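Report on one structure; see the data block that follows.
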Amino acid sequence: MNTAKIPCISELSLNRPEVIRWQERMKLLEPYSDTIVILPCSMKKPYSQSKSHMLYKKYTKGLQEVILTSPFGICPREMENTYPIQSYDASTTGDWSAEEIEASAKVLKDYAKDYNIIAHVTGGYKLACEESGLDITYTCNDGSTRSKESLDNLKMEVKKADKVSNSKHRLHDLRSIARYQFNSKKMDALISDNTQTRGRFNKRILDGKKQIATLHFETGLYTLNLDAGEILKEQKINRVFINFDLSSNTVFTPGIEGADDGIIPNDEVVVVCDDQVMGVGKSMLSSDELVNSSKGVGIKLRHRVK
């Protein structure tokens with residue numbers, strides 16, 4: 001996947017397909033705690049590596065953090081390493097246009113409407129929170145998110161909230177990425193309650209002793225093993241149907257007889273023949289192109305049954 005920087009320097013960025021897709025898929029995600037903390041974005045990405053967010057995180061442990069950012073609207077903390085949110089460039093002055101405020105407020109409202117909300121924000125970020133119409137407790141009364149007064153207010157409000165265990169938090173984060181990547185809540189099935197991770201950068205996703213996927217540091221997205229292909233098949237997500245035996249790791253479009261709707265280039269897919277998983281890999285084309293093209297590469301397989 002191309003992870004080149006995405007310039008977002010005007011209101012026109014609100015209409016970029018990456019932005020629209022992100023905002024739509026945020027509707028699939030849910031906070032893991034009853035209280036969420038809204039924070040401003042930073043120029044540095046991932047946000048958690050910035051000085052400001054390293055400071056905030058000292059006060060928000062055990063609660064769902066949501067970063068407010070334009071043009072994407074929101075970024076739950078667990079999604080901060082995921083493409084495209086980790087690859088965009090935009091101003092972080094806090095001066096937002098009316099269009100940015102309205103768009104971010106809508107995404108925030110969809111995500112946070114049934115939860116207790118603490119907002120540690122100022123400027124345009126606060127205007128977006130106010131525009132959402134949500135019942136919000138604000139902790140910055142002096143115009144600064146880093147002042148002792150504001151941080152003390154944040155600490156006091158966080159103390160009132162119920163915290164969540166690290167294990168529940170970890171599984172929630174992995175499932176959120178799966179929901180986003182595959183555009184379905186059904187992909188919680190990819191992450192069982194027994195899931196473990198191994199690795200500092202690229203993380204191996206293990207169900208017991210069996211590796212089912214890899215979560216990549218560069219993209220924040222999963223690549224799948226054959227066992228995860230079985231999950232895709234069972235959940236009826238990103239299936240591509242063929243009518244021939246695979247003899248290589250390249251699937252050409254002649255012989256592809258069907259594909260689930262919604263597949264786009266670079267999506268992880270499972271190749272199925274006679275209701276059997278034959279391989280998993282990356283689609284080069286959209287659903288319609290996979291079915292209707294008469295020549296060319298349709299899928300590059302990573303693993304196949306031999």
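Because the structure is a prediction, the values reported are computed rather than measured.
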Donor-acceptor pair, side chain of S33 and main chain of V164, under 3.5 angstrom: no

Short N-O contact, K106 and E131, less than 4.0 angstrom: no

T35 and D162: side chain donor to acceptor below 3.5 Å: no

Ion pair check, R21 and E18, cut-off under 4.0 Å: no

side-chain contact (heavy atoms from CB on, under 4.5 Å) test vs F72 passes for just one of V19, I20, V107, namely V19

Ignoring hydrogens and angles, tell me if any N or O in the side chain of S287 forms a donor-acceptor pair with the backbone of I263 under 3.5 Å. yes

Output the distance between atom SG (C41) and atom CG (L68), rounded to the nearest 0.5 Å. 8.0 Å

Could you tell me the separation between the CG atom of L28 and the CE atom of M187, rounded to the nearest 0.5 Å? 12.0 Å

Side chains of L134 and L108, heavy atoms from C-beta outward: is any pair under 4.5 Å? yes

Of V269, V297, L246, which meets side-chain contact (heavy atoms from CB on, under 4.5 Å) against V251? L246

Looking only at heavy atoms, the pair that brings L206 and R198 closest together is CD1-CG, 3.5 Å

Is there a continuous path of hydrophobic side-chain contacts, each under 4.5 Å between heavy atoms, that joins I136 to Y56? no

I'd like to check S52 versus T145 (side-chain heavy atoms, cut-off strictly below 4.5 Å). Are they in contact? no

So Y47 and L39, do their side chains get closer than 4.5 Å, heavy atoms only? no

Less than 4.5 Å apart, side chain to side chain, heavy atoms only: is that true for H172 and S176? yes

My understanding is that only one of R77, H53, H120 makes a side chain to side chain donor-acceptor pair (under 3.5 Å) with E65; could you say which? R77

So which atom in R25 and which in Q181 form the shortest heavy-atom distance, rounded to 0.1 Å? NH1-O, 3.1 Å

Sub-4.5 Å side-chain heavy-atom contact between Y180 and M26: yes

Looking at every heavy atom in both E268 and T223, which two are closest together, and how far apart are they? OE1-CA, 3.5 Å

Could you measure the distance from the CG atom of D34 to the CD atom of Q64? Nearest 0.5 Å is fine. 11.5 Å

K44 backbone acceptor or donor facing S42 side chain under 3.5 Å: yes

Ring geometry between Y32 and H169 (parallel below 30°, tilted from 30 to 60°, perpendicular above 60°): parallel

Distance check, rounded to the nearest 0.5 Å: F252 atom CZ versus I299 atom CD1? 11.5 Å

Please indicate whether F244 has more than 12 foreign heavy atoms, meaning atoms of other residues, nucleotides or ligands, lying under 6.0 Å from its CZ. yes

Salt bridge or not for K185 and E30, using N-O below 4.0 Å? yes

Closer than 4.0 angstrom, basic N to acidic O: yes or no for R175 and D188? no

At what distance, to the nearest 0.5 angstrom, does CG of L221 lie from CG of L215? 7.5 Å

Any non-hydrogen side-chain atom of I118 less than 4.5 Å from a side-chain atom of I36? no

Do N238 and N183 make a side-chain contact, defined as non-hydrogen atoms from C-beta onward lying under 4.5 Å apart? no

Given side chains that start at C-beta, do those of T195 and L174 come closer than 4.5 Å, heavy atoms only? yes

Electrostatic pair D275:K233 at N-O distance under 4.0 angstrom: yes

Please determine if K126 forms a cation-pi arrangement with Y138, meaning its NZ or CZ atom is less than 6.0 Å from the six-membered ring centre and no more than 45° off the ring axis. yes

